[in-house]
J.: 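Submitted below is the structure of interest, expressed as structure tokens.
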There are 2 protein chains.
Amino acid sequence: MSTDEKILKVAIDMIAKKGFKGATTKQIAEKASVSEMTLFRHFPNKKKILEAAIDRYYYSFQMKELFEHKLIWDLEKDLLMIAETYHKIMKKNKNVIKIAIQEGHNVPGLLEQVNKHPRQLKDLIIKYLEEMNKRELIINADYELTAMNFLYMSYGLFISRSFVSGEIITSLSEEDVIKGSVHVFIDHLTPNGVSEKIH
Amino acid sequence: MSTDEKILKVAIDMIAKKGFKGATTKQIAEKASVSEMTLFRHFPNKKKILEAAIDRYYYSFQMKELFEHKLIWDLEKDLLMIAETYHKIMKKNKNVIKIAIQEGHNVPGLLEQVNKHPRQLKDLIIKYLEEMNKRELIINADYELTAMNFLYMSYGLFISRSFVSGEIITSLSEEDVIKGSVHVFIDHLTPNGVSEKIH
DNA sequence: TATGTTTGTTAGTACTCACTAACTTTCTCT
DNA sequence: AGAGAAAGTTAGTGAGTACTAACAAACATA
């Protein structure tokens, strides 16, 4: 691992944990097994370290490509796949998301960056539901509303488990909660249980 | 407003906004229209200010009393009332919750404190659903799972709107999203639309 | 008016932090 | 082995920060 990468990796971990002010260049250098001088030789100042770290450790995915080939037009399996993918993306970007929550208004562009995935995902879910409706597999509904509620549910689960309470509130496993959330939406979108009763 | 209160009010606002390290005693004093010396005459150190501020500005509610008299055993109205109450509580405690997310691991007891409401609410929802089931108004289900998903949905909505994106992702109003979320769970809990088909 | 209490002011301490300069050591690659 | 690049070392600067000491002003209450 290059010196740059070592520094950035430690930086994003520490800033996510302690905040931008709380993470000192000295500590970052130390944890990266690098002298503080080296750190400043690689980056002009602390703020640029954060920006570079976000740049390096924010994993951007093109939703379309992620899903295009995986959707099989089975509501349960598709929703489950979508939810699981969502959590995979969020977990990969956990540190950046934490930083966005606490430092969002000081790092220009960060909030928009972090909001790109949810917005993309929303659009994708809407399109998916519309197609499912065309195929007469789900009922009519306000799909934007449905998509947002599905996302908020996933988001709440993610934030709660990642940053606040761990498993203090419930002993249910993440997997079970995700499966449960999918079933809630299945009941919502196929109230009669099967496709032939739709319309 | 007393000097103590002025200081604490400004302190919790600023710490929520800038983090514990980012909010300086000088700025807090200034914004509270008080000399820095006065601030230190009222509180022994900065950390105690935060603790006192949390103590003063975390509004603790006894869920039971909040709901006891309001439940009318109409799933839609009750769930809506529960969700709205939840948001009211969260908004009142917005600053403390923000601080809990970013400073949780440095302030002993804070996370537990902030998690009390969700846990209480979870238990209350479970009990409510069990009673609704007894009255044959909803079907059998894993009520803990249902309660958690309902809470995660509300939580996701709250966090997203309060700390991250405002209304960037969707133009739907908070009220509409809440109503939508309630309907999702109604469909889940009363799949045949009415109570006579249950069991 | 007199007295005790609360605030303001000023100056300062001790410390930490981001960041730099100058020089030396280690590493890398031919 | 030798040269150039990257890293370490040491010492330091200047700004900011939590917090204090000492004294003066403002305020409140009787």
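Note that this is a predicted model, so its numbers are computed, not measured. Proteins get letters first, then strands, A, B, ... in listed order; numbering begins at 1 in each.
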J.: Give B/S2 one of three labels, base, sugar-phosphate or nothing, depending on what nucleic acid heavy atoms sit under 4.0 Å from its own.
T.: nothing
J.: Does B/E175 pair with B/K179 as a salt bridge, N-O distance under 4.0 Å?
T.: yes
J.: Using a distance-only test with no angle check, is there a side-chain donor-acceptor pair under 3.5 angstrom linking A/D78 and A/Y128?
T.: yes
J.: Is a donor on one side and an acceptor on the other found under 3.5 Å between the side chain of A/E36 and the backbone of A/A29?
T.: no
J.: What string of B, S and - do you get for nucleotides 22-30 of chain C, 5' to 3', if B is base contact, S is sugar-phosphate-only contact and - is no contact with any protein heavy atom under 4.0 Å?
T.: ---------
J.: Roughly how many Å is it from CZ in A/F43 to P in D/dA6, rounded to a whole number?
T.: 14 Å
J.: Give one of base, sugar-phosphate or nothing for B/T38, where a contact means two heavy atoms less than 4.0 Å apart.
T.: sugar-phosphate
J.: So which pairs with a foot in residues 79-95 of chain A pass salt bridge (Lys or Arg N to Asp or Glu O under 4.0 Å), sequence neighbours left out?
T.: A/K91-A/E174
J.: Tell me whether the side-chain N/O atoms of B/H42 come closer than 4.0 Å to OP1 or OP2 in C/dT6.
T.: no
J.: Provide, to the nearest angstrom, the distance between the CZ atom belonging to B/F40 and the P atom belonging to C/dT7.
T.: 16 Å
J.: Checking contacts here: which listed nucleotide (C/dA18, D/dA18, D/dT17) is nearest the side-chain heavy atoms of B/K46?
T.: D/dA18
J.: Counting the atoms with a prime plus P, OP1 and OP2 as sugar-phosphate, which does B/A29 contact under 4.0 Å by heavy atoms, base, sugar-phosphate, or nothing?
T.: nothing
J.: Output the rounded distance in Å from CG (B/D4) to P (C/dT6).
T.: 11 Å
J.: Rounded to whole Å, how long is the line connecting atom CD of B/E36 with atom C1' of D/dT20?
T.: 11 Å
J.: Check this for me, if you would: do B/E131 and B/K127 make a salt bridge, where the nitrogen-to-carboxylate-oxygen distance has to be below 4.0 angstrom?
T.: no
J.: Quiz question: by atom type and distance under 3.5 Å, do the side chains of A/Y58 and A/H117 form a donor-acceptor pair?
T.: yes
J.: Taking only the side-chain heavy atoms of A/T25 (C-beta and beyond), determine which of D/dA18, C/dA18, D/dA7 contains the nearest atom.
T.: C/dA18
J.: Classify A/S35 by what it touches in the nucleic acid, base, sugar-phosphate, or nothing, heavy-atom distance under 4.0 Å.
T.: base
J.: Please report the end-to-end axis angle for the helix from C/dT1-D/dA30 to C/dT30-D/dA1, five pairs per end, rounded to 10 degrees.
T.: 30°
J.: C/dA18 P sits how many Å from A/L50 CG, rounded?
T.: 13 Å
J.: What is the distance, rounded to the nearest whole Å, between atom CG of B/L39 and atom P of C/dT6?
T.: 16 Å
J.: Between B/I7 (CD1) and C/dT7 (P), how many Å, whole number?
T.: 8 Å
J.: Looking at D/dC19, D/dA7, C/dG8, which one has an atom nearest to any side-chain atom of A/T3?
T.: D/dA7
J.: Are the side chain of B/K31 and the backbone of B/V10 linked by a donor-acceptor contact shorter than 3.5 Å?
T.: no
J.: Does A/H69 use its side chain to pair, donor to acceptor, with the backbone of A/E65 at less than 3.5 Å?
T.: no
J.: Does A/H87 use its side chain to pair, donor to acceptor, with the backbone of A/A83 at less than 3.5 Å?
T.: yes
J.: Going by atom types only, do A/N133 and A/Y143 share a side-chain donor-acceptor pair under 3.5 Å?
T.: yes
J.: Starting at atom NZ of A/K48, determine the distance to atom C1' of C/dC19, rounded to an integer number of angstrom.
T.: 16 Å
